[in-house]
Structures are given as C-alpha cells and as structure tokens.
2 protein chains.
Amino acid sequence: MKLQLQIKMNEDLFLRNPEQTELGKNIIKHSIQLIEKDGFEAFTFKKLAEDIGTTEAGIYRYFENKHRLLLYIIAWYWSWLEYQISFQTNNVTDPVVKLKKVIKLLATTVQDDAKTSHVNESLLHQIIISEGSKAYLTKQVGEDNKHQFFKPYKDLCAVIGDIILECSPKYKYPRSLATTIIEMAHFQNFFMNNLPSLTDFGKNKEETEVVAFLNDLVFSSIKKV
Amino acid sequence: MKLQLQIKMNEDLFLRNPEQTELGKNIIKHSIQLIEKDGFEAFTFKKLAEDIGTTEAGIYRYFENKHRLLLYIIAWYWSWLEYQISFQTNNVTDPVVKLKKVIKLLATTVQDDAKTSHVNESLLHQIIISEGSKAYLTKQVGEDNKHQFFKPYKDLCAVIGDIILECSPKYKYPRSLATTIIEMAHFQNFFMNNLPSLTDFGKNKEETEVVAFLNDLVFSSIKKV
DNA sequence: TATTTATGATAGTAATACTATCTTTTAAAA
DNA sequence: TTTTAAAAGATAGTATTACTATCATAAATA
C-alpha cells in the first residue's frame, strides 16, 4: 500500500501553490535542506535558486519572501504533527497515555515520513527547533496572525490543551501548559546540544531525558503521576 | 544618595567600550529604543547612526555588527537582572519566598532603574521578550558560546537552579526548570499580547496571571505549594 | 605644545531583497 | 492538431544592507 499525504495549506502563504508543480516541490525540498544547513539568516532565494538549478525570479513566483516560505514550512510541520498525533493516539482511551505520546512525539527525533516525498520531516524537525520561534517573534506577528498563518500551531495547542483537560478537568492553564510543552520540547533540545549547562542533560545528551523532564513537569502540574 | 551602577561586560562583545564615551552610551541608549520600536530585523546601523546624529562608520568602531550589539544589550540585561535578584532576595531565608520573587521579577514589567542613566530597563525587558532567543538561535551559537557571550544567562540560570535546589534538594531538573521559568516568563507574555489563544490569559492580559501560572508550574514540580 | 585618541565626512564594494520584461518551453483546451 | 494559456528561463536593473577604507578635524592627555 503506497499512500500519499497532502496537507491543505493556507493560500495566503504562497503566490503559486508549491505542491502543484515540480519546481514548487523542489522549492520546498531544497529550502528545508538549505535552512537546516545554513540557518534562516544565511538562507537566500539566490542560494536556493542555485541549489535547485533555477533562477531567483522563479522562486519569487511561488513565495513573496523568505519569511513567508519559513511560515509555510513551519505551518506544514505543525499540521503534519497534528495528524501524527491524531493517528498515534487514535483508539487510546487513557488521556494520560495520550499525553505521554504527545510529549514523546514532540521531544524526540521524528522519522522521515514516506507519505510525503518532497518533505524530509527529520530535517524539518531540526528547523522547528532552531528557527521555529522566528516565525512569530517579529513585528509583523499581528499582520501574520490576521492571515491565520499560525492556525496550525494554535490548533495543535488546542488539541494538546484538550488532552490536558481530559487528564485533569479542573486544571487552570491547559493552553499555557500546552505551549510550554511544545516550546520546551524544542528549547531543552537546543540547549542540550548547544548550551548544555542550561539543562540537566549535558552529560548524556539524550532526548529521552528531555521527555522525562517534560513528563515530570506536566504530570506534577496536573496532579496525575 | 545617588548611585551609579556599572556592569562589567565581556570585552569580546565590543571593539571599543561603549560605557566609556558619550557616543558609546548613545549607541546603547538609541539601539535599545530602535530595536524595541522596529524589531531586530529592521534595525540597521545606518538608522541607528541617523538617530544618534553620527555616521554608520562611527557605530562600527564600537560594535562589529548588529548581532554583537544585540548580544551586548541582552547580556547586560541578564547581568542587571541577576543583580536585581541578589538585591531583592538578600536577607530572605525562605527559598520558596526567594523563588517566588524571582518569578515575579522575571514575569512582570521592570521599572526603569535610575542607577543606569543610559539604559531603559523597561524597553530592554520588551526586547528580551521579543528578541531574546535570537541571541542564541543562530548557527554561530557555538562560536559565540566559546567567547562566553552567554555567561550572564548561564549564571542567572545557575542562581535560579540553586534556589530550586534549596527548595527541594532532590529535584532532578533544577537547570532545565530554571530555563523553563525564564523562557516561559517571556513567551507566555509574548503570546498573551500577540497570539492570546496560545495562552489562558487572553481575556485579562494580566502579567499577574503569567506569574500565577509559573508559580503553579514550578511549585507543583518541586512539590512545595 | 605635541601627540594620541575619538569622531566626522565621504566614498566605495559585495551581497541582499526584491521588480520588471521578454523569450522559450510545456501542457491543456479547442 | 493547432491554439493558447500557463509556467519556467534568461537577463537586467534598483534600493538597501552590511560592511571597509581613507582622510580630515576636534578633543583630551602627556
């Protein structure tokens, strides 16, 4: 059985839908590689064009600028992750088990998903760790929010918030705890690998320790250990 | 009594010490204003020079580039905050009270400190919220770390970690909890004001609610409520 | 008063972030 | 099968950014 997974993206994110052409898919594929390799600051449409073997102007037909492209791939990731979560927690009745699965999915290396040929989820996960918050830490955050560019992130936050409430209906901060889990899954990973003295995982550098920390944090807070 | 507070900064951060000249102090003062107003991406040395009434080349005599300048003001903030913490928790014996003070200091608007004439701490706090993580979320993080540019942040993290251990000597993740407090104090604030559905504080937009959330999170985790 | 040090003024360069235009190729509709 | 429309390629051009270099002048210090 060979499945193809298509994620419907917000149309304001692009000028021309990159899913629908070869060049478009190449833009996504190579921008993920380039951003992961050089970082978002050093990433330019010119380098991307050279990488693909097309011209700068060609890229501009798909994306208004590199920030929109970043928003696109990040939104894509959150949508894909929400799908992963709904898939992997399907038929799980115990919300505690569900929440633990969510934490694990957020905080451990993702496998490349064969259902999405032009997206390398594993690289994308690294981008989320290092560049994810740059999507919204800008002066245009309000404008971008009006365009609903952060909807996939918000949806994910709502999903996790609901699972938290299932675990503990009276817990007062389900959304904030959800964003704390998401952000800390990535920040603790980044710190562990780059500024280890900011964490307690410097010795082993094991993702499982980040998971253990988050589990402890979350289940202490919602009083279900 | 009129005091002046001087913070000793890492000398690799600048080419010429901005504390020692009028122009230098103006660079610090105006860059804080400009970065707060336009955001770090839109901030350029040319605009800064125009703002001050000097030339671009003049700024370059003090800072190699705008990233170093950002690192400078951020490092300055963390040093100043560590001083604030040591001052405000001095003579407090109960570590729980201490930790609560720390959380409050991190998560609520800071007052402009009269002891530092050319630094507006209140604006700087806003910069930390919106731009703080851009200091280390780069590909040069390793290089910058070798220069010890993140030492003030690490020191603060260690101080908070120690207070956590005072509260609960057997707690396993004092450093990671410290960074979680620091980062979430800022992220929850940013989300509350810009993407409120990511938090539970959207209605009132009160910093005190962020404080309450963090207190709940922290003291549940270390089992002292 | 000599001399170092800081600043000002100006110029110049490579790269970035685009926009515009025109031609060729490809693919779909008539 | 031809027509025609959409996509891609090729090329050029602009304003801004992120610097570096040079030379003159003002201020502080020895």
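Chain letters run A, B, ... following the sequence lines, proteins first, then strands; residues in each count from 1. Heavy atoms only: backbone and side chains are in, while hydrogens, waters and symmetry mates are out.
A distance-only check finds no donor-acceptor pair linking the side chain of B:R61 to the backbone of B:L15 [under 3.5 Å]. At distances below 3.5 Å, at least one donor-acceptor pair connects side-chain atoms of A:N194 with backbone N or O atoms of A:F190.
Between A:E50 and A:K47 there is no salt bridge, since none of the side-chain N atoms of the basic residue sits less than 4.0 Å from a carboxylate O of the acidic one. Salt bridge B:E11/B:K8: present, at least one basic N to carboxylate O contact under 4.0 Å.
Note on residues 144-163 of chain A: pairs passing ring pair (Phe, Tyr, Trp, His ring centres under 6.0 Å), not counting sequence neighbours, are A:W78-A:Y153, A:H147-A:F149.
In this structure, B:F43 and B:F45 have perpendicular ring planes: the angle between them is above 60°, well past the 30° mark.
Checking A:N120 against A:Q33 by side-chain atom types alone, no donor-acceptor pair falls below 3.5 Å. Judged by distance alone, the side chains of A:S122 and A:Q111 never bring a donor and an acceptor atom under 3.5 Å apart.
Taking atom CD on B:E56 and atom C1' on C:dT7, their separation rounds to 15 Å, with Å as the unit.
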Worksheet item: Should B:E41 and A:K139 be marked as a salt bridge (charged side-chain N to carboxylate O under 4.0 Å, His left out) after you check the CA-CA gap, both sets of side-chain angles, and the distance that decides it?
Response: CA-CA 9 Å; B:E41 281 73 39; A:K139 284 283 162 185; over 6 Å; no
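When ring centroids are compared, A:Y62 and A:F14 stay outside the 6.0 Å threshold.
Nucleotides of DNA chain D lying under 4.0 Å from heavy atoms of chain A occupy a range whose first and last members, 5' to 3', are D:dA7 to D:dT11.
Within residues 6-29 of chain B, the residues that place at least one heavy atom under 4.0 Å from DNA chain C are, in residue-number order, B:R16, B:T21, B:L23. The stretch residues 62-70 of chain B comes close to DNA chain C through B:Y62, each having a heavy atom under 4.0 Å from the strand. Contacts between residues 37-54 of chain A and DNA chain C, counted as heavy-atom distances below 4.0 Å, involve A:T44.
Every residue two or more places apart in sequence or in another chain that forms a ring-ring contact (aromatic ring centres under 6.0 Å, His included) with B:Y136 is listed here: A:F191.
With A:F40 as the aromatic partner, A:K66 meets the cation-pi criteria of under 6.0 angstrom to the ring centre and within 45 degrees of the ring axis.
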